[in-house]
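Following: one structure in structure tokens, then a few remarks.
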Amino acid sequence: MDIYRLTVRPILFSGLKADPEWLHERLMAVLHFFSQADMNGPVGLILAQLERSLVKKDACFAQNLWGINFPNPVGLAAGFDKNGVGATIWGTLGFGFAEMGTVTLHGQPGNPHPRLFRLLADNAVLNRMGFNNEGAAALALCLESAINSQYCPIPLGINLGKSKVTPLEEAAADYLGSFKLLKDYGDYFVVNVSSPNTPGLRSLQDASQLSIILDALQQENRQAKPILVKIAPDLEWEAIASVIDLAKTYELAGIVATNTTIRRDGLATQILPQTNKPITEEAGGISGAPLRDRSTEIIRFIWQQTQGKLPIIGVGGIFTADDAYQKIAAGASLIQVYTGWVYEGPWMIRRILEGLSQKLEAKGFNSISQVVGIEGNNKLD
Ligand SMILES: Cc1cc2nc3c(=O)[nH]c(=O)nc-3n(C[C@H](O)[C@H](O)[C@H](O)COP(=O)(O)O)c2cc1C
């Protein structure tokens, strides 16, 4: 049990009785302050200390995917740093890569508050943020200065979504507009068509609609940046299979599996204390532990369908080294965390990497890439 889980988390989660979103904004303000500060002053010393404490470097974690060097496979999932304010810092906190966004072409406030809830009994989060972000032009400005001043450099992804004001029929132009503004600033890009919090967005996962978006982006993608699609865990197998087909047709770099779920079964939380309403009546997507097995199963499905040839970023319910190992063994080359990091705190990445390193040693492997997909052919549940 570390200091975060023992003392800091109880104060943040219960003692302060603060709105989770308010706390999130305070953290982002601190990261913004750090990223603006003079590295030769006291902030530089703090970052050096953080790096010593949180970063676990080991050649066994290094992978090259799409020509990009990833120092370790554990990344920050989309949605945490929508405006890129921490872009210079995430590597110092131990992450092997970080995905900025979701960003939309037009800045937008997102859905009405409250819109972010912790489900403590489920080790989960319910969110219906609705892509609150400052827009693609603002993110481009932020990343332009951030990219060369990363304290502990890691690859940065950019997750693109559709602006709420843009009709679904014009989605491709919206994604394309963001991509044009941001294409120089991301190491890879993710087309997010799987958030449950923008009306109709998930219908864009349908092959007929998704193909128009992917075609538009790839025509603009003259630098051949890796473009991935992020899918929902609630898709049927046939729908996932047709996304895989599109991935081949449009030479996608991979699939991010998965976004949050709209399912509510199996939850211990029946009534949301903050609103006093049944959880089944609350809009939004669930992340964290309840999502874990479903996202792993989807990773395994994609691995099987593609014979392991299409890289997968696995995300959903990772809290421990065991969770991480399961996703990688099912076929994920890289993994991402959001909810687990909130629950487990800043040492979680290091703990996961230490656990993975022990597993590699026990199994006689010398690189994490040897684990990718070793259980990919296991039967689907
Ligand atoms: C508060 C919150 C906001 C999120 N916002 C986004 C987003 O803007 N874009 C996106 O692609 N995914 C978003 N996600 C989904 C995460 O990136 C991730 O796919 C999902 O939470 C599962 O991972 P986890 O169980 O580690 O949280 C969000 C998740 C949370 C909890």
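Everything numeric in this text was worked out from a predicted model, so none of it was measured. Atoms within a ligand are numbered from 1 in the order they appear, just like the ligands themselves.
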**Message:** Polar contacts were defined as any N/O atom of the residue lying under 3.5 Å from an N/O atom of the ligand; does this apply to V315 and ligand 1?
**Reply:** no
**Prompt:** Any N or O of N159 that comes nearer than 3.5 Å to an N or O of ligand 1?
**Reply:** yes
**Request:** For G316, counting its heavy atoms only, list the atoms of ligand 1 lying under 4.0 Å from any of them.
**Result:** 22 (C), 23 (O), 25 (O)
**Request:** Taking N83 for its side chain and N133 for its backbone only, find out whether a donor-acceptor pair lies under 3.5 Å.
**Result:** no
**Request:** Report the part of V190 (side chain from C-beta onward, or backbone N, CA, C, O) that has a heavy atom under 4.0 Å from ligand 1; answer both or neither where that applies.
**Result:** neither
**Message:** So for atom CD, which belongs to E134, do other residues, nucleotides or ligands contribute more than 12 heavy atoms lying within a distance under 6.0 Å?
**Reply:** no
**Prompt:** Is the backbone N or O of L291 less than 3.5 Å from a side-chain atom of S295, with the two atoms forming a donor-acceptor pair by type?
**Reply:** yes
**Asked** Side chains of N221 and Q218: donor-acceptor distance under 3.5 Å anywhere?
**Response** yes
**Message:** Can a donor-acceptor pair be found, under 3.5 Å and without considering hydrogens, that links the side chain of S195 to the backbone of N197?
**Reply:** yes
**Asked** ligand 1 versus K230, non-hydrogen atoms closer than 4.0 Å: side chain, backbone, both, neither?
**Response** side chain
**Request:** For atom 9 (N) of ligand 1, grab the closest protein heavy atom and report residue, atom and distance to one decimal in Å.
**Result:** T102 OG1, 2.6 Å
**Message:** Below 4.0 Å, non-hydrogen atoms only: which portion of T339 touches ligand 1? Side chain, backbone, both or neither.
**Reply:** both
**Message:** If we count only N and O atoms by modelled type, under 3.5 Å, do the side chains of D206 and S208 hold a donor and an acceptor together?
**Reply:** yes
**Prompt:** For P278, does its backbone N or O pair with a side-chain atom of Q270 as donor and acceptor, under 3.5 Å?
**Reply:** no
**Request:** Tell me which protein heavy atom sits closest to atom 15 (C) of ligand 1, plus the residue, atom name and distance to 0.1 Å.
**Result:** N259 OD1, 3.5 Å
**Prompt:** Is it the case that more than 12 heavy atoms not belonging to E236 sit under 6.0 Å from its CD atom?
**Reply:** no
**Request:** May I ask you to test the K248-I244 pair for a side-chain heavy-atom distance under 4.5 Å?
**Result:** yes
**Item:** Identity and separation of the nearest protein heavy atom to atom 4 (C) of ligand 1
**Value:** G79 CA, 3.8 Å
**Complete:** The atoms of ligand 1 lying under 4.0 Å from a heavy atom of V125, numbered in the order shown, are 31 (C)
**Asked** Between W90 and W341, what is the ring plane arrangement, given parallel below 30°, perpendicular above 60°, and tilted in between?
**Response** perpendicular
**Message:** Give the atom numbers and elements of ligand 1 that come within less than 4.0 Å of a heavy atom of G317.
**Reply:** 24 (P), 25 (O), 26 (O)
**Item:** Atom indices of ligand 1, in the order listed, that fall short of 4.0 Å to a heavy atom of V337
**Value:** 26 (O)
**Request:** Answer yes or no: does an N/O atom from F131 fall short of 3.5 Å to an N/O atom of ligand 1?
**Result:** no
**Request:** Tell me yes or no: between the side chains of E21 and N127, is some donor less than 3.5 Å from an acceptor?
**Result:** no
**Prompt:** Any N/O of N192 closer than 3.5 Å to an N/O of ligand 1?
**Reply:** yes
**Prompt:** Are any of the N or O atoms of A78 closer than 3.5 Å to those of ligand 1?
**Reply:** yes
**Prompt:** Taking everything shown except E251 itself, do over 12 heavy atoms lie less than 6.0 Å from its CD?
**Reply:** no
**Request:** Can you pull out the closest protein heavy atom to atom 30 (C) of ligand 1? Residue, atom name and distance to 0.1 Å, please.
**Result:** N127 ND2, 3.4 Å
**Request:** Among all protein heavy atoms, pick the one closest to atom 8 (O) of ligand 1 and tell me residue, atom and distance.
**Result:** K82 NZ, 2.9 Å
**Validation row: V342, F80 side chains within 4.5 angstrom (heavy atoms)** = yes
**Request:** Look at atom 26 (O) of ligand 1 and say which protein heavy atom is nearest, naming residue and atom and giving the distance to 0.1 Å.
**Result:** Y338 N, 3.0 Å
**Prompt:** Do any nitrogen or oxygen atoms of Q336 lie less than 3.5 angstrom from nitrogen or oxygen atoms of ligand 1?
**Reply:** no
**Fill in**
T260 heavy atoms within 4.0 Å reach ligand 1 at atoms 15 (C), 20 (C), 21 (O)
**Asked** Does ligand 1 have an atom under 4.0 Å from some heavy atom of V256?
**Response** no
**Message:** Just checking K164: does its NZ atom have more than 12 heavy atoms from other residues, nucleotides or ligands closer to it than 6.0 angstrom?
**Reply:** no
**Request:** Give a yes/no on ligand 1: does S195 have at least one heavy atom closer than 4.0 angstrom to it?
**Result:** no
**Message:** To check your reading of the model: name the closest protein heavy atom to atom 31 (C) of ligand 1, its residue, and the distance in Å.
**Reply:** S287 OG, 3.4 Å
**Complete:** min-distance protein heavy atom vs atom 22 (C) of ligand 1 -> L291 CD2, 3.5 Å
**Message:** Classify the ring geometry of F189 against F179: parallel below 30°, tilted from 30° to 60°, perpendicular beyond 60°.
**Reply:** perpendicular
**Complete:** Counting from 1 in the order shown, the ligand 1 atoms closer than 4.0 Å to a non-hydrogen atom of L116 are 1 (C)
